[in-house]
S.K.: 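I am attaching a structure below and will ask some questions about it afterwards.
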Amino acid sequence: MTSSPLANLATQKAGLLAAIAALATLDDLREAEPAITGKRSILSTLQKSLGSLEPDARREAGAQLQEARREVEAALELRRTVLAAAARAVLLESDRLDLGDVVVGAVRWPASAGHPGLVASTQRALEDVFVGMGFTVAEGPEVESDWYNFEALNIPPAHPARGMWDTFYVDLGEPETVVLRTHTSPTQIHLMEVAVAADSLPIHSVMPGRCYRRDTPDARHLAAFHQIEGLVVDRGITFADLAGVIETFTRAYFGPDIESRLRPAFFPFTEPSAEFEVTCTICRGEGCRTCSQTGWIELGGCGMLDPAVLEAVGIDGEVWSGFAFGFGVDRCAQMRHQIADMRALIENDTRFLRQFS
Ligand code: FA5
C-alpha cells in the first residue's frame, strides 16, 4: 500500500508558517515568496502528485491541500502588511521634523517675522493720504454682475468701450453675466446706491481693491492687480476740485520732485475725462523701457460723473454733481520704489521682498 502524498502535510504547513513568521523585512519576503507559494513550492509539488490518486481520494486530498494553501497565503499577506507598516514607520521616523528642535535648538539663520507685502503697504499708505484729505475708505466685491461692472457705468452690452477692458467671465448664471471686476469703478455704484437708500449724500470715499483683466503681464501690467477708486458726490463740485485732489495726492505720496499732468481721455462714465500721469521715476523723464521711452507713466483715469451714471442710481443731477478717479496701486508702488518691471511684485523672490520689510 502506497502512503498518501499528503501524509506529512501538517508538518510541512507548520514549517511554511514558521518560515513566514521568521521573515524580517519586505525584501526577505519578496525573495522567499516563490519558494513558499510559487510554481516550484512544496505546495505546488504536492498538487501535481495528486494526479496519481483515485478520483475520490484525489477530491478529498485536493480540498485538504487547498485549505493548507489558503492558510499559508493568508499568513504571507498578513506578514506583508505587518512588514510594510514597520517599513513605513521607519521612513516616517527618519523624515520627522520636530519644529521645536528647529526653533529652540539648531536655528541656522536669524528667525524673521513676516511683514505686509509691498502692494498691501502701498495700499495702506494711499488710504492714509486720502483719509488725511477727508475721505472715508470703503470696499466692494471682486465678483460683479455685468450691470455693476459695465451697464450702470454707462457701458451697455456690445458698446465698443467694453473693448477697453479684456474681461474674465465667471461660469455662473447666464453666459457672460458674471465677471471678475475689471476695475474698482463698480464700487462707486454700490456706494451711491447705499447713499441713496440711506439718504446719506454727500459721498467722499476711496475704494481700494483687487481687479482682474486678461492682460499679458509685462513691465507695467499684471493680470491680477489693484486699483484705488475715488468718488465725490456733493453740491457744486467742479473739475478744479478734481484737479486739486489729484495734485494734492501726487505731491503727498511721491513728493514735490515728481511732476504730474492731466491729459484729455475718454471713459464712458465720466465727462469730461482725463488720464493722469507722473514723471517716470526709473529714468526721471529721460525715457526708458518701463515708460516705453515717453518719460511719463500713466497712473489712472478720472473725470466728472456722467449724468447717465447719476441717473442709473437715482441721484438728481440737477442738485448733485461729482467726480471719480481710479488708479493703479501696483503702479504707484512701482513708481515710488523705482521697480523697473512690475512682475517683480508677484515673483516671490525673497531677496526682492526683504527690501521692503
Ligand atoms: C480704469 O480702470 C477706470 N475705471 C479709471 C477711472 C475711474 C476713470 C473713475 C474715470 C473715473 P484704466 O483702464 O485706464 O481705467 O486703468 C486705470 C489704471 O489702473 C491704469 O492707469 C493703471 O495704473 C492701472 N492698471 C490698469 N490695468 C492694469 C494692469 N493690467 N496691471 C496693473 N495696473 C493696471
Side-chain angles (χ1 to χ4, degrees), residues 118-119 122-123 126 135 140 144 148-150 152-155 161-168 179-192 203 205-233 237 239 241-243 245-246 249-250 253-254 260-278 280-281 290-292 294 296-306 308-310 321-336 339 341-346:
L118 180 56
V119 175
T122 302
Q123 183 177 313
L126 294 171
F135 286 77
E144 283 286 9
Y148 282 101
N149 197 76
F150 291 123
L153 290 162
N154 203 22
I155 318 169
R162 287 199 179 203
M164 292 166 75
W165 295 279
D166 237 339
T167 309
F168 282 114
V179 305
L180 293 185
R181 68 176 172 194
T182 56
H183 48 178
T184 40
S185 298
T187 312
Q188 289 179 33
I189 304 295
H190 289 291
L191 228 58
M192 287 191 276
I203 301 171
S205 275
V206 287
M207 298 141 263
R210 203 195 314 258
C211 308
Y212 305 84
R213 291 186 198 176
R214 290 196 294 127
D215 282 347
T216 307
D218 63 21
R220 296 193 308 266
H221 297 89
L222 298 174
F225 59 101
H226 302 76
Q227 288 187 338
I228 186 161
E229 191 83 7
L231 175 70
V232 169
V233 182
I237 299 294
F239 200 91
D241 296 309
L242 167 58
V245 165
I246 302 281
F249 146 73
T250 35
Y253 185 69
F254 291 104
S260 63
R261 68 178 187 184
L262 289 177
R263 300 206 311 159
F266 168 76
F267 293 100
F269 33 94
T270 48
E271 180 60 32
S273 305
E275 260 167 15
F276 58 99
E277 300 179 326
V278 291
C280 175
T281 57
T290 306
C291 62
S292 303
T294 62
W296 294 91
I297 289 278
E298 178 202 311
L299 282 190
C302 61
M304 302 305 291
L305 293 180
D306 193 294
V309 174
L310 294 176
S321 57
F323 62 77
F325 56 84
F327 56 86
V329 175
D330 318 72
R331 263 316 148 81
C332 284
Q334 180 178 23
M335 282 302 105
R336 172 85 178 253
I339 299 163
D341 195 314
M342 192 185 273
R343 286 168 289 194
L345 295 174
I346 53 167

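Worth knowing before you read on, the calculation uses all heavy atoms, side chains too, and leaves out hydrogens, waters and symmetry mates. For reference, positions follow the sequence shown, starting with 1. Atoms within each ligand, like the ligands themselves, are counted from 1 in listed order.
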S.K.: Do Thr182 and Asn149 pair up side chain to side chain, a donor and an acceptor below 3.5 Å, judged on atom types alone?
M.R.: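 Yes, because at least one side-chain N or O of Thr182 sits under 3.5 Å from a partner of the opposite role on Asn149.
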
S.K.: Would you mind listing which atoms of ligand 1 come within a distance below 4.0 Å of any non-hydrogen atom of Gln188?
M.R.: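 Near Gln188, the atoms of ligand 1 are 9 (C).
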
S.K.: When you look for heavy atoms under 4.0 Å from ligand 1, do you find them on the side chain of Trp165, its backbone, both, or neither?
M.R.: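 Near ligand 1, Trp165 shows its side chain, while the N, CA, C and O stay back.
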
S.K.: I need the contact type for Met164 against ligand 1. Using non-hydrogen atoms and a strict under-4.0 Å cut-off, is it side chain, backbone, both or neither?
M.R.: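 It is neither part, as no heavy atom is under 4.0 Å.
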
S.K.: Using a 4.0 Å heavy-atom cut-off, which part of His183 comes near ligand 1: side chain, backbone, both, or neither?
M.R.: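 Contact part for His183 vs ligand 1: side chain (C-beta onward).
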
S.K.: With respect to Glu298, determine whether any N or O atom, backbone or side chain, lies less than 3.5 Å from an N or O atom of ligand 1.
M.R.: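 Yes - when backbone and side-chain N and O of Glu298 are compared with those of ligand 1, one distance drops under 3.5 Å.
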
S.K.: Should Glu229 be counted as touching ligand 1, given the test is an N or O pair under 3.5 Å?
M.R.: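 No, since none of the N or O atoms of Glu229 sits under 3.5 Å from an N or O of ligand 1.
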
S.K.: Where is the tightest heavy-atom contact between Leu242 and Ala324, given as atom of each residue plus distance?
M.R.: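 Scanning both residues, the minimum pair turns out to be CD1-O, 4.3 Å.
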
S.K.: What do you reckon, does Arg220 put a non-hydrogen atom under 4.0 Å from ligand 1?
M.R.: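 Under 4.0 Å: yes for Arg220.
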
S.K.: Are any of the heavy atoms in Leu299 under 4.0 Å away from ligand 1?
M.R.: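 Leu299: in contact with ligand 1 (<4.0 Å).
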
S.K.: What protein heavy atom sits nearest atom 19 (O) of ligand 1, and how far off is it?
M.R.: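 For atom 19 (O) of ligand 1, the nearest protein heavy atom comes out as Gln227 NE2, 3.0 Å.
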
S.K.: Can you find a side-chain donor-acceptor pair between Ser260 and Glu277 that sits under 3.5 Å?
M.R.: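 Result is no, nothing qualifies.
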
S.K.: Checking side-chain polar atoms at under 3.5 Å, does Arg220 have a donor or acceptor matched by the opposite partner on Ser292?
M.R.: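 Note: Arg220 and Ser292 side chains meet the donor-acceptor criterion.
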
S.K.: Should Leu222 be counted as touching ligand 1, given the test is an N or O pair under 3.5 Å?
M.R.: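 N/O-N/O distance under 3.5 Å: yes.
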
S.K.: Do Phe269 and His183 have ring centres separated by under 6.0 Å?
M.R.: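 Yes, close enough.
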
S.K.: Could you tell me whether Thr184 approaches ligand 1 through its side chain, its backbone, both or neither, with non-hydrogen atoms closer than 4.0 Å?
M.R.: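 Within the 4.0 Å criterion, Thr184 makes no contact with ligand 1.
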
S.K.: Counting from 1, what ligand 1 atoms have a heavy atom of Gly326 closer than 4.0 Å?
M.R.: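 With Gly326 as reference, the close atoms of ligand 1 come out as 5 (C), 6 (C), 7 (C), 9 (C), 17 (C).
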
S.K.: Output, in order, the C-alpha distance, side-chain angles, deciding distance and verdict of salt bridge (charged side-chain N to carboxylate O under 4.0 Å, His left out) for Arg181 and Glu144.
M.R.: CA-CA 6 Å; Arg181 68 176 172 194; Glu144 283 286 9; 5.4 Å; no

S.K.: Under 4.0 Å from a heavy atom of Arg213: give me the atoms of ligand 1 that qualify, with their elements.
M.R.: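 Listed by number with element: 1 (C), 2 (O), 12 (P), 13 (O), 16 (O), 26 (C), 27 (N).
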
S.K.: Please verify whether a non-hydrogen atom of Gly300 lies at under 4.0 Å from ligand 1.
M.R.: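 Yes, Gly300 has a heavy atom closer than 4.0 Å to ligand 1.
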
S.K.: Are Met304 and Ile237 packed together at the side-chain level, in the sense that at least one heavy-atom pair is separated by less than 4.5 angstrom?
M.R.: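 A side-chain contact under 4.5 Å exists here.
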
S.K.: In the protein, what heavy atom is nearest to atom 33 (N) of ligand 1, and what distance, to one decimal place, separates them?
M.R.: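 Result: Phe225 CD1, 3.5 Å.
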
S.K.: Heavy atom under 4.0 Å from ligand 1: found in Ser185's side chain, backbone, both, or neither?
M.R.: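 For Ser185, only side-chain atoms sit under 4.0 Å from ligand 1.
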
S.K.: Is Met342 in contact with ligand 1, taking contact as a heavy-atom separation below 4.0 Å?
M.R.: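 Met342: in contact with ligand 1 (<4.0 Å).
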
S.K.: So, do Leu310 and Leu305 sit near enough that their side-chain heavy atoms are less than 4.5 Å apart?
M.R.: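 Side chain of Leu310 against side chain of Leu305, heavy atoms only: contact under 4.5 Å found.
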
S.K.: For ligand 1, find out whether one of its N or O atoms is nearer than 3.5 Å to an N or O atom of Thr182.
M.R.: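 No, Thr182 has no N/O under 3.5 Å of an N/O on ligand 1.
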
S.K.: When you compare the side chain of Asp166 with that of Tyr212, does any pair of heavy atoms fall below 4.5 Å?
M.R.: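 Sidechains of Asp166 and Tyr212: no contact.
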
S.K.: At what distance is the nearest protein heavy atom to atom 15 (O) of ligand 1, and which residue and atom is it?
M.R.: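 Protein heavy atom with the smallest distance to atom 15 (O) of ligand 1: Phe267 CE2, 3.4 Å.
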
S.K.: Heavy-atom contacts with Gly301 under 4.0 Å: which atoms of ligand 1 show up? List them by number with element.
M.R.: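 This gives 6 (C), 7 (C), 8 (C), 10 (C) as the contact atoms.
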
S.K.: Numbering the atoms of ligand 1 from 1, which are under 4.0 Å from a heavy atom of Arg331?
M.R.: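 The atoms of ligand 1 under 4.0 Å from a heavy atom of Arg331 are 22 (C), 23 (O).
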
S.K.: Atom CD1 in Ile228, atom SG in Cys211: separation rounded to 0.5 Å?
M.R.: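 So the CD1 of Ile228 and the SG of Cys211 are separated by 11.0 Å.
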
S.K.: Looking at side-chain heavy atoms only, is the closest gap between Cys332 and Leu299 below 4.5 Å?
M.R.: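 Answer yes - side chains close enough.
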
S.K.: Which ligand 1 atoms, with their elements, are less than 4.0 angstrom from a heavy-atom of Gly328?
M.R.: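 Here the atoms of ligand 1 in question are 18 (C), 19 (O), 23 (O), 24 (C).
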
S.K.: Under 4.0 Å from ligand 1, counting heavy atoms only, is it the side chain of Thr270, its backbone, both or neither?
M.R.: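 Answer for Thr270: side chain.
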
S.K.: In this structure, is the centre-to-centre distance between the rings of Phe327 and Phe276 below 6.0 Å?
M.R.: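 Phe276 vs Phe327: aromatic centres under 6.0 Å.
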
S.K.: Using ring centroids (six-membered ring only for Trp), state whether Phe249 and Phe135 fall under 6.0 Å.
M.R.: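 No, ring centres 6.0 Å or more apart.
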
S.K.: Any idea which part of Cys302 is under 4.0 Å from ligand 1, heavy-atom wise: side chain, backbone, both or neither?
M.R.: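 Answer for Cys302: backbone.
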
